[in-house]
Chemist: 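Attaching a single structure in structure tokens format; questions to follow.
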Amino acid sequence: MKRNQDVKLENLSPEDSSWASFLSSAAELREVDENAAPTVLNALKLERETDATWANYLSSGAVLRPVDYASVKPALEAVKLERTRARKVLQLNIMKFVTASAAVAAVMIGVLVFRPASTDADPTEAFSAYQEASQGW
Amino acid sequence: MHVFRVMAVLLLLGVAFAQNIPIMPKNPLNYLLKSLQTEAGLNFKGVVTESVIFPPRKETNQTKENLPAPPPINPNLLRQNFSSSIENGEQVAGRNTWKITLTPNNHDAASFQFWIDREWNIRLAHQETDFNNTITSQARFTSIEGKPTVRKDGRSLGKLEFKPKLEAFLAKTVGDIALPEGFRIFGLKVRTVGQDNQPALEVRASNGLSVMVLVFSPIKTRATPKLAMRKLLTKNADAWVWVIGNLPEAQLQRTANSVVNSLDLTGLLVKFNEQNQK
């Protein structure tokens with residue numbers, strides 16, 4: 001508890017001070033939890049002062065207890081679920097694109113293979129006639 | 001003085017004969033015709049480099065063993081439509097040549113040059129030039145294997161003959177075709193066109209040396225340089241006339257435009273077959 005006294009509570013707002021009081025009064029806190037307290041307080045301060053995000057808090061919360069992890073886990077699960085959902089949507093879109101492309105290609109091949117033959121004669125036919133007529137022997 | 005001159009000429013001729021020096025032929029056209037007949041009866045080969053722009057083909061430049069066949073000739077029309085000249089030609093494949101130039105009186109038509117071997121009297125090179133002075137085809141021996149030998153297959157030079165009946169038949173069925181100056185109709189044959197091998201009628205014309213072809217076709221083709229086309233107004237089925245020749249497009253188009261509008265191609269083919277059977 002001696003370490004807790006190092007935290008300058010008098011510099012905190014009444015609200016933060018109550019948090020600090022709560023943390024410091026937790027008799028069952030281990031030493032690592034005590035060390036985490038300033039981090040939590042600082043994170044709170046940062047969030048309020050600089051509009052920093054929860055990410056800052058979470059990333060610096062390496063020393064959080066399992067109970068803290070339990071509160072974070074649903075968020076992580078939500079993120080994982082969201083990522084899985086996004087991946088599935090992407091896969092679905094790719095499948096749709098591939099299916100649509102294959103259908104278009106099939107239609108194009110069908111048009112090329114089964115289109116009616118061009119009725120125009122190639123100019124080489126005309127030049128062949130000239131070539132044949134030009135043969136003296 | 002006359003006696004001395006005659007003696008001098010005789011002396012020169014004597015020296016020429018003694019040294020086996022060929023004397024320049026006096027009549028280039030007769031000499032060319034005789035040379036082509038000689039060539040028809042001979043067999044010889046070597047390396048020929050050939051370049052053909054018209055009629056267009058996939059590979060402009062080719063190497064062959066012999067010169068391409070000359071066009072079929074009508075001597076009378078050739079004399080009537082071309083002026084000819086002869087001069088010393090450059091060596092071709094290491095052999096001495098006479099160079100014969102045939103210039104058409106109709107400047108829209110193609111002109112021709114032939115390089116004839118002085119000893120063997122056969123073509124060693126030829127060149128065709130169009131109205132624009134562009135070389136449309138040329139071929140030249142770069143080397144010759146041995147000496148010419150007599151052919152056994154009896155090849156002969158194709159000669160075009162006037163066919164007044166044919167001209168009358170065409171005048172009656174397709175109208176008076178406005179051929180370029182100096183050209184006359186020499187042949188008519190059925191050919192097939194398109195992927196479905198549809199019957200068409202081919203008319204061949206010539207100015208004695210240069211050929212021109214008209215095709216009365218049930219299908220059209222694509223107009224390209226030296227190929228004019230026109231759709232004919234027909235009642236039952238479509239018909240087109242194609243005109244091909246080494247002539248300006250405007251001239252070819254004039255010929256295409258001169259054909260009667262209301263041509264019945266099927267009827268024309270039937271009449272042609274009837275005419276042939278007579």
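Computed from a predicted structure; not experimentally measured. Throughout, a chain's letter reflects where its sequence line sits, starting with A, and its residues are numbered from 1.
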Chemist: To the nearest 0.5 Å, what is the distance between OH (Tyr130(A)) and CZ (Phe54(B))?
Modeler: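 One gets 4.5 Å once the value is rounded to the nearest 0.5 Å.
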Chemist: Grab the two heavy atoms, one from Ile219(B) and one from Asp120(A), that are nearest each other, plus how far apart they are.
Modeler: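 Looking at all heavy atoms of both residues, the closest pair is CD1-C, 4.2 Å.
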Chemist: Only pairs of heavy atoms separated by less than 4.5 Å count here; which of Val213(B), Val243(B), Val215(B), Ile73(B) has the most with chain A?
Modeler: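 Most heavy-atom pairs within the cutoff with chain A belong to Val213(B).
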Chemist: With a sphere of 6.0 Å drawn around NZ of Lys189(B), does it hold more than 12 non-hydrogen atoms of other residues, nucleotides or ligands?
Modeler: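 More than 12 heavy atoms, drawn from other residues, nucleotides or ligands, come within 6.0 Å of this atom.
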Chemist: Nearest 0.5 angstrom please: Gln37(B) CD to Trp137(A) CH2, how far?
Modeler: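 The CH2 atom of Trp137(A) is 10.0 Å from CD of Gln37(B), to the nearest 0.5 Å.
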Chemist: With a 4.5 angstrom heavy-atom cut-off, is it the side chain or the backbone of Phe186(B) that approaches chain A, or both, or neither?
Modeler: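 Contact with chain A is absent: no heavy atom of Phe186(B) under 4.5 Å.
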Chemist: How long is the span from the CZ atom in Phe127(A) to the CG atom in Leu227(B), to the nearest 0.5 Å?
Modeler: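 Result: 5.0 Å between the selected atoms.
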Chemist: Kindly say whether Pro71(B) contributes a backbone atom to a donor-acceptor pair with the side chain of Ser134(A) at under 3.5 angstrom?
Modeler: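 The answer is no, because no donor-acceptor pair under 3.5 Å joins these two groups.
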Chemist: By a 4.5 Å heavy-atom criterion (distance strictly below it), what part of Arg222(B) contacts chain A: side chain, backbone, both, or neither?
Modeler: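 Looking at Arg222(B), backbone and side chain both touch chain A.
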Chemist: Counting heavy-atom pairs closer than 4.5 Å to chain A, which one of Leu160(B), Leu209(B), Leu157(B) comes out on top?
Modeler: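 Among the listed options, the one with the most contacts to chain A is Leu157(B).
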Chemist: Listed by residue number, which members of residues 57-70 of chain B have a heavy atom under 4.5 Å from any heavy atom of chain A?
Modeler: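 If one takes a 4.5 Å heavy-atom cut-off, the residues of residues 57-70 of chain B near chain A are Ala69(B), Pro70(B).
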Chemist: Under 4.5 Å from any heavy atom of chain A, what part of Thr224(B) do you find: side chain, backbone, both or neither?
Modeler: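 Just its side chain gets close to chain A.
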Chemist: Among Gln135(A), Glu132(A), Gln131(A), who wins on heavy-atom pairs under 4.5 Å with chain B?
Modeler: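 Top option by heavy-atom pairs under 4.5 Å: Glu132(A).
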Chemist: Let me know if Ser137(B) has heavy atoms under 4.5 Å from chain A in its side chain, its backbone, both or neither.
Modeler: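 Neither part.
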Chemist: Can you name the nearest heavy-atom pair linking Ala121(A) to Thr221(B), along with the distance?
Modeler: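 Taking Ala121(A) first and Thr221(B) second, the nearest heavy atoms are O-OG1, 2.8 Å.
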Chemist: Quick check: does any side chain N or O of Glu125(A) sit under 3.5 Å from a backbone N or O of Gly194(B), one acting as donor and the other as acceptor?
Modeler: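 Here the side-chain-to-backbone pair exists.
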